[in-house]
Each structure stands twice: as structure tokens, then as C-alpha cells.
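Below, chain A is the first sequence line, B the second, and so on; all start at residue 1. All values below come from the heavy atoms of this structure, side chains included, with hydrogens, waters and symmetry mates left out.
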Amino acid sequence: MSEPNEKTEYLDFIREAVAEDLRTGRFKEVRTRFPPEPNGWLHIGHAKALFVDFGVAQDFGGKCNLRMDDTNPEKEDMEYVEAIKRDVKWLGFDWEDRLFFASDYYEILYELACKLIRKGLAYVDDLDEEQIKEYRGTNVPDKNNITFTPPGRNSPWRDRSVEENLDLFARMRAGEFPDGAKTLRAKIDMAHPNLLMRDPVMYRIRREPHYRTGITWCIYPMYDFAHPLSDAIEGVTHSLCSLEYEIHRPLYEWFIKNTEVFPSRQIEFARLNLSHTVLSKRWLLQLVREKKVSGWDDPRMPTIAGMRRRGYSPEGIRDFLGRIGIAKTDSMVDIQLLEHCIREDLNARARRYMAVLDPVKLVIENWPKGQEEWLDAVNNPEDPEAGTRKIPFSGTLYVDRDDFRETPPPKYYRLYPGNQVRLRYGYVVTCTGYEKDPESGEITLIRCTYDPTTRGGDAPDNRKVKGTIHWVCADHAIPFEARLYDYLFEAERPMEVPEGKTFLDNLSDHSLTIQYNAKAEPAVAEIDVGTTVQFERLGYFCKDPDSTPQRAVFNRTVTLKDTWAKIEKRFQGQA
RNA sequence: UGGGACGUAGGCAAGCGGUAAGCCUCCGGAUUUUGGUUCCGGCAUGCGCAGGUUCGAAUCCUGCCGUCCCAGCCA
């Protein structure tokens, strides 16, 4: 009996399928897995998969395994395993005691391969790489540019006896043949319209030390063979993966059926694409190798480690993951949605401080000489429990260069000669003049007078003061370095490039701006590395590990929404 | 007809035959000691296109069109 106002809970197509499987008894419980290959660091695209894998399991009272899909000794490394574990944990997903490695299944996988040989469903092939390709056939465009796929041809070694195949396969394992000399292939159908079904390679010979099994093995299972069986070994009910594996599903099912193992079910969903971002390990690795960024954890990288260093919160990231949905449509998510989620989370939780990025000295001419006051400031207006702190104030302050104009543009209500602004938590001041370098034209000093009756910022006569700006007391200012980030790629789709160009040509030349002379209020000294705070009116900033006791470094996580920038741009457009 | 999949607003995405949810962006306006936050309001006579079935179609049928994936002994 459902109440009339009770909302039916929305299920995405995967959860719908899982619910159906439970209802029909196809599966009694839910078990999923997140299977990264340890050959690179996790990025936001992996986070989506993690969110789906762990989320689906959790919603149905099941568990999700973390499995290293390490069947290729050439690219994998323990460094990546550790990075992956750290990032998964940081995002808030818990695999408990279920960390598995495909490389732990090598022996059982070998046995299952032998089983297929015995059933006459696998054979040792002597064809080399080129020949296999040639025999398999390929998609070809005809004169009308319509592709068709003529049947392939059987390998001459396809009909070896079971005994010979068993013997040869054992000798492959024993290292009797050089790399590439033989493969083990599934005997399916060389005329199958799906090229993947044309006797796919199950094992190759590769004398490459594996980061976990060393030189124990010189034959390694291929993904298409290892993956379904690894799922089965772990009792995975729902093997959730990205759309490009859709075409692999018949093969996935073929191996499961013919090795007679647990009937895991593969379901595919669209991977994440993010505007202004590349999300492929291959391209990210290239950015790292060619030093276009400082490393996998460069704050501009879409990696989990990069986002962490940038100051993104796991909660904000997970909120984003929940909002983008799960579907089968190839899509491109606007990165502004991610930024919105980060801002929303940080707004609720980040402590506020005052800091000045590009300082200009402001002198209050009628301030009593030598006087200093400590004013009350709210730590987080969204959270009264965060309390207040004291900030020093005197007649010599720093304000941001952008908060002063010699001649104000329309709608500008910050500092300019004759105008009145409020110094946040301080006093209302009136700009009386300024000095500038005759050579460069740069403003060197702003002069003001203050109204002593406005301490704290409230004017007793209730007069309107439209602008409120942030500041830092010069005598107590602590210097820091501010690293300001912009998109790594200006183009919305970095991979779309004209002939002869690569995505590297789309790299922005202003993705990083450093302010070396930034100043902050004293309390900023107490902030821990890795903590994200708000510098009022400027944005959220995260203290970077590059910080030293002498000099703090802060990464700008994301700016605040900037309505003024839009207004200014609009007027500039009109001018 | 090579095979597989997908097309709902600028970007995501619900909708499952009963008359187009929600979120982001964008645009207004109110409140505000952050041009932040919050709050109100606006933004698809139309669901790739064309037919058909039906009292009724984004949903069912037919035919087109478009996009993506597949030719590793990578995953």
C-alpha cells in the first residue's frame, strides 16, 4: 500500500536490471567489483565507475570488491596499486577485506584454459601477429563506402588434437617457445560478424617480469578471457563496465558458459566525458611524461589525486557523481556542474579568512598613530558553531588591486576617489586619494579616512554602504604564494583538433598563474596542509604540500561565483 | 542490412500509451557587512526526421537520418 504522496524511487537502468534479477531469482544477492588496471592513477571517470559499482552493491545490500586487473606485465606497477587504494579510500569507498588481484588467479585461469582445450574449444596457434590479423579479416568499405565484413579464414593449426594442444600449452607455460611464437586461442567462429568472436587470443607468451608474480609466468591471459572468469571466481553477480565493452559481451558470456563457472552478468553504461578535460589514462600519462603538468597530482589534472591537492572534497565529488546520472548515451558533462558541487559543499563547511592576492597599500590618514585593534570576524556564516576569531586592524592595510579604480566603470562600487566602502568587519572608509608610479602607471598607495563610529562595519546612521571589501593588516600580514588555476584546455573538447594538430596544441597558456606576494591574516598560519578554506570574496583555497614553515602555498580550488565579472564584461562589450 | 549501441532544452537527465520532472548553465528580481550564500521567477505547443496504429504517442509499429564503438598477442 503506497501513500498517495509517496514518491516512487527512481531507479537507473542498471538498478532496474539488478532489481529484476533479484525478483526473478537469477541472483540471490548482489556482488559487484571495481576493476582498475594498475597502470595509472585514478581520475574522475574512474570515480564515476566507483560510484556506480559501490553504489549499486550498497543499494541492494551487497558488497563491492576492489580488484586489480593486472594481466599485462608491461605497464603495471605497485606504485599504481598504492595510488589507487589511497584514492578509492579517500573518495569514501570501502572494500573492507576484499582487495583482489587478477594475477592471483593465474593458476586457476590456466586450469580453466585447459578445460576449454579438453572440450575442444581452444587451441594453440602458431600464426604470428600479422598472420592472425590477416586470417581474421577486417571491416572494409566498399565502393559506396558501406563497410562490410567478409568472413575470416581458419588457422591451419585450428584442428590440432586435444592431446597436442594440452602438450603445447603446457610447454608454452614452461617457456619452451619464444615470445610471440604461439598463442592459445578460443575456437569459436572465424566467420562471425563480430570480429571479437573470430577465435580470440586467450594467452600470449611474454617474458616480462610481472610486478607481483615476477618471472613465475611467461604466458599471460588476455582481458577477454581473464575478466569474465575473474568475475566468476569472485562470485560477482553484476559486472558493470563502460559502453565500449558492449561488443565484448558475447565473448564474456561464451567464456562463462563454456568454462561452466558462476554466471556473472555484464551490464554496460556510458563513461564520463567532462568539458575542457581529457579523461583517458593514455593522454593523462602523456601530459605527465612530457612535463606539461607537474605530475599525476598536479592540481589541474582530472585525477583524484589532482583534485584532492586542488582542494576538492570527496563529498563534493560524490555529489557530482550522483547528479550526472547513469545512462547509455554518450554524453559530455559540463565541468561547471562539478565546480558547482564543489562550491556548494565547501560553502557549507570551509572556514573563512581574509587574504589579499595582489596587495596595494591602503593608508587611513586619520587613524591614531600607533593604534591597533583586534576585531571580531565570523569563521563561517553558514555554520554558527564555527565561532569567531580576532583579526588585527590598524592604519596601514593591504587591499586587492582589483578593488580600486582611478575612474570607476559603471556599477562599480568598490574603492575610487570620493567613494565610501566598508572594510569587512572593520570600518567604513572614504577614499581621499591615491599615488601611482609615473613610469608604470601602477597604483602604489591608496589614501582614505575612516569613520570611527562604524567599528565592526555597522554605520549608526544606517547609511547605505554598497561595497564591502576584504583587507589584511600590514603589520601582521603573513606572506604566501597563491597558485591560481584555470582549465588545462580552453577548448570544450580538447581531443577535437584540426589535421596535423594534437590535443597538446589545445593546452591553455594560462592554466596556472602564480601570485608570489599574496598576504593573509595571521590566523592563516594555523591552517593545515590539505585543508580547504575560503578567502573571502576570492574563492576556496587549499594549503599545498609544497608549503614550508617560512612560506605557505595555497592552491585556488575554485573561485566564488563572480557576478561582478559578468557585469563588467557586459559593459566592456558595450564600450 | 558487416556487427553492436545510442538520439528528450545550451549541458546532463526523468519519462515505461493519459497530455514534457529535476539539476547545471543562462536571464530577471528580493534579501545580504563576501557583487558569495539564500529566496522567488523565466527558459522544450514539443521529444532526430517522416509516415502509421490509437479517443489519445516522447512512449507502440514502419522507414529514413545522425552519432558512437569494433580490424592489440592492451585493458
Side-chain angles (χ1 to χ4, degrees), chain A residues 10 12 16 35-37 39 69-72 74-75 125 127-129 132-133 136-140 142 146-152 179-180 182-185 192-198 200-206 220 222-224 226-227 241-250 268 270 275 281-282 320 323-341 343-344 347-348 352 354 378 381-382 411-414 422-426 428 454 456-459 465-470 492 534-539 559-568:
Chain A
Y10 158 64
D12 56 74
E16 255 175 21
E37 182 186 13
N39 67 346
D69 211 358
D70 53 357
T71 54
N72 182 357
E74 288 166 23
K75 304 190 289 183
D125 195 358
L127 256 29
D128 66 25
E129 210 167 336
I132 286 181
K133 190 173 170 177
R136 178 158 41 223
T138 180
N139 300 320
V140 294
D142 71 6
I146 293 169
T147 58
F148 67 102
T149 309
D179 286 9
K182 294 186 191 316
T183 57
L184 182 72
R185 291 234 253 167
H192 198 106
N194 180 348
L195 262 10
L196 283 165
M197 298 296 277
R198 319 249 264 219
V201 172
M202 293 165 56
Y203 273 88
R204 75 277 205 180
I205 305 174
R206 188 102 320 158
Y220 291 93
M222 301 290 292
Y223 167 86
D224 280 315
H227 204 91
C241 61
S242 48
L243 241 32
E244 66 260 35
Y245 291 103
E246 206 151 28
I247 195 168
H248 293 249
R249 196 186 332 134
E268 313 83 9
S275 61
K281 268 192 228 171
R282 181 178 165 192
F320 167 73
R323 292 199 206 197
I324 58 177
I326 308 167
K328 296 192 73 165
T329 318
D330 285 307
S331 60
M332 166 75 70
V333 175
D334 192 337
I335 195 164
Q336 289 188 102
L337 176 59
L338 210 208
E339 295 178 336
H340 172 265
C341 294
R343 283 193 188 102
E344 192 169 85
N347 175 55
R352 319 281 135 123
M354 290 218 277
V378 172
E382 306 294 320
K411 300 277 186 195
Y412 187 84
Y413 42 83
R414 277 117 96 152
R422 173 170 34 240
L423 295 172
R424 174 140 241 229
Y425 299 127
V428 173
T454 57
D458 284 313
V465 180
K466 196 112 168 134
T468 299
I469 66 172
H470 57 97
E492 212 170 270
Q534 184 190 108
F535 288 155
E536 294 211 28
R537 299 214 303 134
L538 298 175
T559 59
L560 260 26
K561 271 177 70 179
D562 192 350
T563 306
W564 163 243
K566 275 183 198 164
I567 296 169
E568 188 180 29

Self-check item: Base-paired stems in RNA chain B, each at least three Watson-Crick or G-U pairs under 3.5 Å
Solution: B:2-7 with B:65-70, B:10-12 with B:22-24, B:26-30 with B:38-42, B:48-52 with B:60-64
Self-check item: Closest listed nucleotide, where the reference is the side chain of A:Y413 and the choices are B:G35, B:A5, B:C74
Solution: B:G35
Quiz item: Is A:L560 touching bases, backbone alone, or none of the nucleic acid, heavy atoms closer than 4.0 Å?
Solution: base
Quiz item: Can you check B:G56 for me, syn or anti if syn means within 90° of 0?
Solution: anti
Quiz prompt | A:T563 side-chain N/O to B:G36 phosphate OP1/OP2 under 4.0 Å | solution = yes
Quiz item: Looking only at atom C1', what distance separates B:A14 and B:C47, rounded to whole Å?
Solution: 12 Å
Exercise. Compare every heavy atom of A:R537 with every heavy atom of A:T468, then report the nearest pair and how far apart it is.
Key: O-NE, 3.4 Å
Quiz item: How is A:K75 classified with respect to the nucleic acid when contacts are heavy atoms under 4.0 Å: base, sugar-phosphate, or nothing?
Solution: base
Exercise. For A:R198 and A:R136, indicate whether the former's side chain and the latter's backbone hold a donor-acceptor pair under 3.5 Å.
Key: yes
Exercise. With C1' as the reference atom in both, quote the distance from B:C61 to B:U54 in angstrom, rounded to an integer.
Key: 12 Å
Quiz item: Between B:U37, B:C12, B:C74, which one does the side chain of A:V333 approach most closely?
Solution: B:C12
Quiz item: Is the aromatic ring centre of A:W564 closer than 5.5 Å to the centre of the six-membered base ring of B:G35, with the two planes inclined by less than 30°?
Solution: yes
Quiz prompt | Where protein sits on nucleotides 21-29 of chain B, one letter per nucleotide: B base, S sugar-phosphate only, - none, heavy atoms under 4.0 Å | solution = --SSSSSS-
Quiz item: Expressed in whole Å, how much space separates the C1' atoms belonging to B:A9 and B:C24?
Solution: 12 Å
Practice problem: Return the nearest nucleotide to the side chain of A:M332; candidates are B:G11, B:G3, B:G36. | Solution: B:G11
Quiz item: Between the main-chain N or O of A:V428 and the side-chain N or O of A:T454, is there a donor-acceptor pair closer than 3.5 Å?
Solution: yes
Quiz item: For atom P, what is the distance between B:G11 and B:G17, given to the nearest Å?
Solution: 28 Å
Quiz item: In whole Å, what separates the P atom of B:U45 from that of B:C39?
Solution: 28 Å
Quiz item: With sugar-phosphate meaning primed atoms plus P, OP1 and OP2, does A:Y412 contact a base, only sugar-phosphate, or nothing at under 4.0 Å between heavy atoms?
Solution: base
Quiz prompt | A:I567 CD1 to B:G35 C1', straight-line distance once rounded to whole Å | solution = 6 Å
Practice problem: Take atom CZ of A:R249 and atom P of B:A75, then tell me their distance rounded to the nearest Å. | Solution: 20 Å
Exercise. Write down the distance between CD (A:E246) and C1' (B:C70), rounded to a whole number of angstrom.
Key: 11 Å
Exercise. For nucleotides B:U62 and B:G4, find the distance between their P atoms and express it as a whole number of Å.
Key: 16 Å
Quiz item: For B:U32, does OP1 or OP2 lie under 4.0 Å from any side-chain N or O of A:T468?
Solution: no
Quiz item: For A:H192, which contact category applies under a 4.0 Å heavy-atom criterion: base, sugar-phosphate, or nothing?
Solution: nothing
Practice problem: With heavy atoms under 4.0 Å as the rule, sort A:S275 into base, sugar-phosphate or nothing. | Solution: nothing
Quiz prompt | First encountered from the 5' end of RNA chain B, between A:G180 and A:I469 | solution = A:I469
Quiz prompt | Shortest non-hydrogen contact between A:E536 and A:V378, atoms and distance | solution = OE2-O, 4.5 Å
Practice problem: Report the nucleotide, chosen from B:A75, B:A71, B:G35, that has the shortest atom-to-atom distance to any side-chain atom of A:Y223. | Solution: B:A75
Self-check item: Span that lies between the C1' atom of B:G66 and that of B:A71, in whole angstrom
Solution: 24 Å
Quiz item: With sugar-phosphate meaning primed atoms plus P, OP1 and OP2, does A:E129 contact a base, only sugar-phosphate, or nothing at under 4.0 Å between heavy atoms?
Solution: base
Quiz item: For A:P150 and A:T138, which heavy atoms make the closest approach, and how far apart are they?
Solution: CD-O, 3.5 Å
Self-check item: For atom CG of A:L196 and atom P of B:A71, their distance in whole Å
Solution: 7 Å
Quiz item: What distance do A:H227 atom NE2 and A:D69 atom CG have between them, rounded to the nearest 0.5 Å?
Solution: 5.5 Å
Quiz prompt | Nucleotide nearest A:T329 when distance is taken to its side chain, options B:C12, B:G35, B:U8 | solution = B:U8
Self-check item: Touch class at under 4.0 angstrom, heavy-atom based, for A:R206 against every strand present
Solution: base
Quiz item: Between the base of B:G4 and the side chain of A:E244, is there any donor-acceptor pair under 3.5 Å?
Solution: no
Practice problem: Scan A:D12 against the nucleic acid and name what it touches under 4.0 Å (heavy atoms): base, sugar-phosphate only, or nothing. | Solution: nothing
Quiz item: Considering only heavy atoms from C-beta outward, does the side chain of A:S275 approach that of A:I335 to under 4.5 Å?
Solution: yes
Quiz item: Across the strands shown, which category fits A:P381 at heavy-atom distances under 4.0 angstrom: base, sugar-phosphate, nothing?
Solution: base
Quiz prompt | Inter-nucleotide P distance (B:C43, B:G28), Å rounded | solution = 15 Å
Practice problem: Kindly give the heavy-atom pair with the smallest separation between A:R204 and A:T71, and that separation in Å. | Solution: NH2-O, 3.5 Å
Self-check item: Contact under 4.0 Å: A:Y10 side-chain N or O vs B:A14 OP1/OP2
Solution: yes
Quiz item: Does any N or O in the side chain of A:R343 come within less than 3.5 Å of the main-chain N or O of A:T559, such that one atom is a donor and the other an acceptor?
Solution: yes
Practice problem: Rounded to the nearest 0.5 Å, what's the gap from NZ on A:K411 to OG1 on A:T563? Could you check? | Solution: 13.0 Å
Quiz prompt | Whole-Å gap separating P (B:C70) and CG (A:N194) | solution = 12 Å
Quiz item: Which nucleotide in the set B:A71, B:C74, B:C16 lies at the smallest distance from any side-chain heavy atom of A:E16?
Solution: B:C16
Quiz item: Under 4.0 angstrom, heavy atoms only, what part of the nucleic acid is A:Q534 near: base, sugar-phosphate, or nothing?
Solution: base
Practice problem: Report the distance from atom NE2 of A:H470 to atom CZ of A:R352, rounding to the nearest 0.5 Å. | Solution: 14.0 Å
Quiz item: Base, sugar-phosphate, or nothing for A:I326, non-hydrogen atoms under 4.0 angstrom?
Solution: sugar-phosphate
Quiz item: When rounded to the nearest 0.5 angstrom, what is the spacing between OG1 in A:T183 and CG in A:L127?
Solution: 7.5 Å
Exercise. Can you see which heavy atom on A:E246 is nearest to which on A:P250, and at what distance?
Key: O-CD, 3.8 Å
Practice problem: Quick one: label A:I247 by what it contacts on the DNA or RNA (base, sugar-phosphate, nothing), any heavy atom closer than 4.0 Å. | Solution: base
Quiz item: Looking at B:G35, B:U37, B:G2, which one has an atom nearest to any side-chain atom of A:N347?
Solution: B:U37
Practice problem: Using a cut-off of strictly less than 4.0 Å, decide whether A:R537 has a side-chain nitrogen or oxygen near OP1 or OP2 of B:G35. | Solution: yes
Quiz item: Which heavy-atom pair separates A:N194 from A:I247 by the least distance, and what is that distance?
Solution: ND2-O, 3.0 Å
Quiz item: Is the phosphate of B:A75, meaning OP1 or OP2, less than 4.0 Å from a side-chain N or O of A:R204?
Solution: yes
Quiz item: Looking only at side-chain N and O atoms, does A:R282 come under 4.0 Å of OP1 or OP2 in B:G72?
Solution: no
Quiz item: Just checking A:R136: base, sugar-phosphate only, or nothing, at a heavy-atom cut-off of under 4.0 Å?
Solution: sugar-phosphate
Quiz item: A:Y245 or A:G426: which one's nearest nucleotide on RNA chain B is closer to the 5' end?
Solution: A:G426
Exercise. Select one nucleotide: of B:U34, B:A71, B:G72, the one nearest the side-chain heavy atoms of A:M222.
Key: B:G72
Quiz item: Which is true for A:M197 with a 4.0 Å heavy-atom rule: it touches a base, it touches only sugar-phosphate, or it touches nothing?
Solution: nothing
